[in-house]
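Computed over heavy atoms, backbone and side chain alike; hydrogens, waters and symmetry mates excluded. Proteins come first, then strands; the chains are lettered A, B, ... in the order of their sequence lines, and each starts at number 1.
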Amino acid sequence: MLLRMLRNDLMRKKGITAALFIFVLLAALLVSSGSRMIMELTSSIQYLFSESKTPHFVQMHSGDLDQAKVNTWAEGNAMVEQHQIVEMVNINGANLYLGAESEKNTVMDIDFVTQNQQFDYLLNLNSEIIQVRDGEIAVPVYYLQQNKLNIGDQVRINNGAFERSYTIVDFVRDAQMNPSVVHSKRFIVSPDDLGQLKQGVGEMEYLIEFRLHDPSKTSEFTQAYQNAGLPNAGPVVTYGLFQILNGMTDGIIAAVIILVSLVLILIAMLCIRFTMLATIEEDYREISVMKAIGISEKDIKRLYLVKYVFMAGLASILGYIASLGVNQLFVSNIMLYMGKAPATLLHFAVPLLAAGLIFTMVVLFCRAVLRRFRSISAVEALRTGSLGDTRIVRNRLNLSRNRWSSVPVFLGLKDVMQRVKMFRLLLFVFIVSSFIMIVPLNFLNTLQAPSFISYMGVGQSDIRIDLKHTNDVEQRYARLVDQIENDADVQKYSPLVTSQFKIRNAEGSYDNLSVESGDFSIFPLSYLSGNAPATDREIALSDANSNDLKLKTGDQLTLQVGGRDQVMTVSGIYQDVTNGGKTAKALLPYNKDSVLWYVVSLDLKDRGVMAAKIATYEKDFSPARVTDLQGYLNQTLGGTIQQLKLVTTLALAIGVFISILITSLFLQMMVAKDNNDIAVLRSIGFALSKIKLKYVVMSLVILIVGVAAGTILSNTLGPMLVSGIMSSFGASKIVFVIDPVQAYVLCPLLLAGTIIITAWISIQSIRETSISKMIVE
Amino acid sequence: MTTILEARDVNKSVAIGENEEQRILKDINLQLKKGEFVSIMGPSGSGKSTLLYNISGMDQISAGSVFFNGKQISAFPEKDLASLRLTKMGFIFQNIHLLKNLNLLDNIILSAYLAKNSNRDTINNRAMSLMKKMGIDELAEHNITQASGGQLQRIAICRALINNPDILFGDEPTGALNSKSTHEIMDILGDINATGTTILLVTHDVKVAARSERVLFMMDGNLVADKNIGKYDRDKQDLKARESRLGQWLTEMGF
């Protein structure tokens with residue numbers, strides 16, 4: 001009998017059942033996919049790091065290197081399991097050809113290396129250690145994606161005096177330098193080819209790498225290295241940061257997917273509640289008869305529960321199965337950059353459990369809703385007709401006093417005000433739809449805006465010139481500043497040098513701190529708190545450093561300046577997602593012995609000459625990286641922006657889809673519920689178009705309120721949410737750059753247009769029913 | 001007298017299974033003259049209400065044609081039928097069917113505001129005037145839960161009359177009322193008819209039918225008899241006699 005009732009009920013409300021089914025299926029699909037994505041991401045990163053034997057500590061260094069000193073120190077340090085010094089030949093992008101054009105506009109540091117012998121292996125797409133022969137080259141996966149390279153393509157180096165060509169035989173998965181936010185990439189050549197490059201072209205850089213017996217002692221080791229006076233002309237990167245950088249883009253996507261699935265299941269549960277209550281109300285007489293003839297409350301509940309249990313169970317299973325099929329779409333980036341780890345039972349179990357969780361949530365929720373049965377007595381049910389949600393609230397809006405609107409518009413407005421509780425579901429959906437449409441859009445605009453550079457710890461300028469470390473870099477820097485000073489096309493410029501200083505820690509010893517020196521007023525940053533340093537006793541810290549050092553604006557720290565301790569006051573905190581987020585700014589003379597990089601930013605009087613100016617400075621100060629601001633942002637954030645564009649498009653589609661589905665479902669149910677009133681209106685002369693207009697007005701009123709609330713939330717909760725995600729990367733307070741036309745006009749119009757059409761189509765069922773039949777019933 | 005409503009060979013069938021149909025109305029032919037007061041009677045399932053709803057244009061007939069004021073309304077599109085119901089027809093039902101989310105005055109003026117034949121103040125005044133005539137003007141701001149069945153049916157009559165319809169249709173308008181209220185409502189309908197409004201009622205109550213001047217008798221979807229019983233004159237006070245004569249006739253018809 002249960003099966004027969006189930007079949008009859010499913011046939012009776014096909015549309016609504018189908019809509020609920022789709023929601024639960026999508027939620028199960030997304031939560032399974034999201035959890036699988038996280039499983040794949042963590043296991044792939046782990047596998048890559050394990051297979052490549054990623055170092056726990058890496059000190060980058062440019063300039064002269066006393067290898068013997070490093071070796072001696074490492075061999076005498078009990079924490080060190082293995083160490084090696086990796087030689088890298090840095091090639092100017094202008095001299096590297098991955099196709100017809102050179103990479104002159106690249107923001108990447110291009111380094112040529114040989115395969116490492118002890119650890120930090122560079123792997124291919126099969127997670128094997130790459131070996132290349134003379135004349136061959138392995139190219140980073142980043143370029144496979146960006147430049148669409150293939151095995152067999154040629155890579156050419158040509159600086160005029162030196163020209164070599166290499167055949168691509170493999171692509172490199174580099175645990176240290178995979179992601180696009182890391183501005184260094186390693187190409188693998190044979191030892192002989194590297195020897196030729198050392199002599200013919202490029203500057204030497206080094207990676208001083210260590211693997212520790214106990215990776216948990218990395219902080220202790222870092223301090224020990226810094227106190228040992230070893231080569232440190234470059235940033236330090238540790239294992240933990242490698243993991244974060246590799247997991248950043250896909251981790252954010254996975255988090256968003258799971259968030260969307262939770263929103264979907266919340267909407268599904270609200271829909272279920274609405275339909276269950278509406279069904280109970282329709283059937284209240286039948287329920288009372290069942291109670292009167294002795295059927296227990298438990299059995300009556302079973303009758304109602306069986307449909308939802310069956311639907312949720314089937315949808316969850318199908319959602320899980322579907323997630324196996326779409327898995328590739330979500331993990332393609334992970335597979336390319338990190339490879340596939342051997343599957344374990346957890347890879348299948350966790351997503352299955354996640355889908356099972358969706359099922360459990362739906363069933364538990366249904367049981368909670370069905371508690372209402374307790375309040376229906378056999379007698380009362382015959383008298384009462386309402387279960388609360390659909391009760392009419394009297395209000396003072398009277399037609400006889402209405403002068404400003406037509407009758408259908410008035411009826412629509414009055415209905416919304418009187419049955420406001422019933423519209424909670426629709427309102428929630430519109431708020432959520434607006435939110436999930438607008439927040440990614442605003443985030444994308446923010447990432448693409450030139451002002452985003454401020455989150456990278458630099459002010460907005462037209463051109464940025466990075467001088468590579470060479471033996472004569474000091475002289476080149478002085479020449480560069482001089483040339484810019486005399487360049488009539490330059491409106492203003494700001495030379496900034498970042499060098500290592502020693503900062504006293506809580507234990508009394510010293511850690512390294514990268515400090516940028518220069519005039520920060522020329523291209524100012526926006527600060528989370530405080531300001532740029534104004535005196536040589538002030539220092540501004542990045543947000544990540546501020547959290548790490550537990551210092552805020554107004555606090556003091558001790559810096560070694562010119563060999564002596566100097567107390568500095570923290571003047572302000574800014575955001576910086578580059579270099580692990582750990583930088584500082586001060587008006588101090590830079591440490592010539594430990595310079596990390598030289599940067600000059602400049603603004604032109606006429607942006608029309610930008611391309612020519614870039615070419616000029618590239619040529620005059622080679623090897624220098626000269627980029628325009630947009631190009632710098634594109635290359636740094638290009639991968640993330642592409643992913644976010646996909647997410648934004650999906651979010652727009654999902655927002656519209658959810659709105660259409662729920663509006664359609666809701667209106668169909670409302671029309672069914674309002675059958676009698678609709679018949680009465682038709683009998684007294686309301687045309688179908690007038691009745692439909694009433695429902696369209698109702699939908700639009702809820703939409704306007706929902707979009708307004710969703711927009712407010714997007715601008716308040718949205719930045720908080722994004723800041724929460726970005727804070728682990730150094731930007732804890734993102735302020736959205738909003739395109740008002742997109743956010744406040746196009747998105748609401750898109751929603752409004754689809755809702756009007758949906759509403760008009762959904763209430764077609766009014767036509768189908770005969771007036772007399774509705775009235776007689 | 002001119003013909004206001006005419007049915008020619010009207011048939012109505014409904015689907016009762018996948019491939020089965022049942023004929024509810026069979027070759028109905030009738031004419032109503034302007035100003036007539038007509039009742040339709042017959043046993044349950046004879047098709048009385050179906051006839052009412054089909055010849056008023058509320059439902060679509062399956063075959064034949066219906067004419068209202070000379071126009072074939074059975075061929076009208078939905079929009080024109082709605083306009084007809086709005087401006088030329090009024091309906092009252094057994095279960096009254098007022099809108100519970102509007103107060104009583106708003107229920108009355110709703111269709112008039114939609115029709116826009118007068119300005120809103122004029123409509124409000126007309127509604128209050130109708131309510132006063134029916135002795136229920138103090139209920140204007142009340143909700144439907146705050147009035148008796150008889151009072152609500154009077155509100156329904158006001159609603160039906162607000163746009164000065166040519167014809168008033170009623171489906172068992174006194175079916176849910178006590179005898180006192182029934183009497184009062186029938187007096188009101190009599191007064192309305194006296195002003196020239198045509199009335200067509202469905203009823204199973206001989207007391208109600210006796211107030212009309214013509215009775216149509218239906219059986220199994222057929223219009224089997226059409227009896228003129230003469231206009232009811234309240235002053236003559238011969239209602240009992242009319243009821244008796246009508247009752248006798250109905251018995252002969254097999255009711």
Side-chain angles (χ1 to χ4, degrees), chain A residues 385-386 390-420 422 673-694 698 764 766-777, chain B residues 14 49-50 52-54 56-60 77-116 119-121 123-124 127-128 140-141 143 145 156 159-160 162-163 165 169 171:
Chain A
S386 172
T390 54
R391 203 171 287 136
I392 288 174
V393 173
R394 305 284 171 213
N395 66 37
R396 296 186 188 281
L397 208 63
N398 289 332
L399 182 61
S400 57
R401 292 190 204 110
N402 171 51
R403 292 288 178 271
W404 51 271
S405 69
S406 71
V407 173
V409 170
F410 173 84
L411 289 179
L413 282 171
K414 191 168 170 71
D415 224 353
V416 169
M417 287 170 66
Q418 285 185 318
R419 298 197 282 181
V420 67
M422 208 166 86
K673 202 176 168 10
D674 292 348
N675 228 3
N676 188 261
D677 281 0
I678 290 170
V680 171
L681 288 173
R682 290 184 70 192
S683 72
I684 63 174
F686 272 71
L688 283 173
S689 58
K690 301 284 184 217
I691 297 173
K692 285 182 190 177
L693 179 57
K694 174 190 147 179
M698 280 158 61
Q764 288 305 313
I766 296 174
R767 175 186 284 282
E768 293 156 12
T769 323
S770 100
I771 305 175
S772 61
K773 196 164 179 296
M774 286 150 78
I775 285 201
V776 165
E777 281 174 1
Chain B
V14 294
S49 296
T50 308
L52 184 81
Y53 290 119
N54 277 271
S56 64
M58 278 262 239
D59 280 346
Q60 284 275 68
E78 180 270 336
K79 200 172 130 205
D80 292 345
L81 284 171
S83 177
L84 203 64
R85 287 194 295 274
L86 185 66
T87 55
K88 302 290 181 196
M89 299 176 177
F91 288 87
I92 44 179
F93 308 100
Q94 177 175 349
N95 289 330
I96 303 165
H97 291 302
L98 294 173
L99 296 172
K100 53 187 177 295
N101 62 332
L102 299 177
N103 67 24
L104 297 179
L105 176 62
D106 285 354
N107 264 285
I108 294 170
I109 61 178
L110 185 61
S111 55
Y113 272 33
L114 190 69
K116 294 186 201 168
N119 69 47
R120 291 187 176 188
D121 287 326
I123 292 169
N124 289 355
M128 288 306 298
E141 300 282 327
N143 298 306
T145 53
R159 179 178 69 180
I162 191 71
N163 287 331
F169 295 98
D171 185 9

Evaluate the side-chain contact (heavy atoms from CB on, under 4.5 Å) criterion for residues B:N107 and A:L399: first the C-alpha distance (whole Å), next the side-chain angles of each, then the deciding distance (0.1 Å), finally the verdict.
CA-CA 9 Å; B:N107 264 285; A:L399 182 61; over 6 Å; no

Please tell me if the side chains of B:K100 and A:D677 come closer than 4.5 Å, counting only heavy atoms from C-beta onward.
yes

Point-to-point distance, once rounded to the nearest 0.5 Å, from CG of B:L104 to OG of A:S400
11.5 Å

Please lay out, stage by stage, how A:R682 and B:E78 fare under the test side-chain contact (heavy atoms from CB on, under 4.5 Å).
CA-CA 10 Å; A:R682 290 184 70 192; B:E78 180 270 336; 4.2 Å; yes

Out of curiosity, A:F686 CZ to B:L110 CG, how far, rounded to the nearest 0.5 Å?
4.0 Å

Region of B:L84 that comes under 4.5 Å of a non-hydrogen atom in chain A:
neither

Return the NZ to OG distance between B:K79 and A:S689, rounded to the nearest 0.5 Å.
7.0 Å

Heavy-atom proximity to chain A below 4.5 Å, by part of B:Y113
both

What residue, out of B:L114, B:I109, B:L81, B:N54, has the most heavy-atom pairs lying under 4.5 Å from chain A?
B:L114

Check: B:R120 and A:N402 side chains under 4.5 Å, non-hydrogen atoms:
yes

Using the side-chain contact (heavy atoms from CB on, under 4.5 Å) rule, take A:I684 and B:R85 through it: C-alpha gap first, then chi angles, then the decisive distance, then the call.
CA-CA 6 Å; A:I684 63 174; B:R85 287 194 295 274; over 6 Å; no

Stepwise side-chain contact (heavy atoms from CB on, under 4.5 Å) test for A:R403 and B:D121:
CA-CA 10 Å; A:R403 292 288 178 271; B:D121 287 326; 2.7 Å; yes

Closest non-hydrogen contact found for B:A82 with A:A687 is CB-CA, 3.6 Å

Any A:V680 side-chain heavy atom under 4.5 Å of B:R159 side chain
yes

Those residues at least two apart in sequence (or on a different chain) that pass side-chain contact (heavy atoms from CB on, under 4.5 Å) with B:N103 are A:N398, B:L105, B:D106, B:E141, B:N143

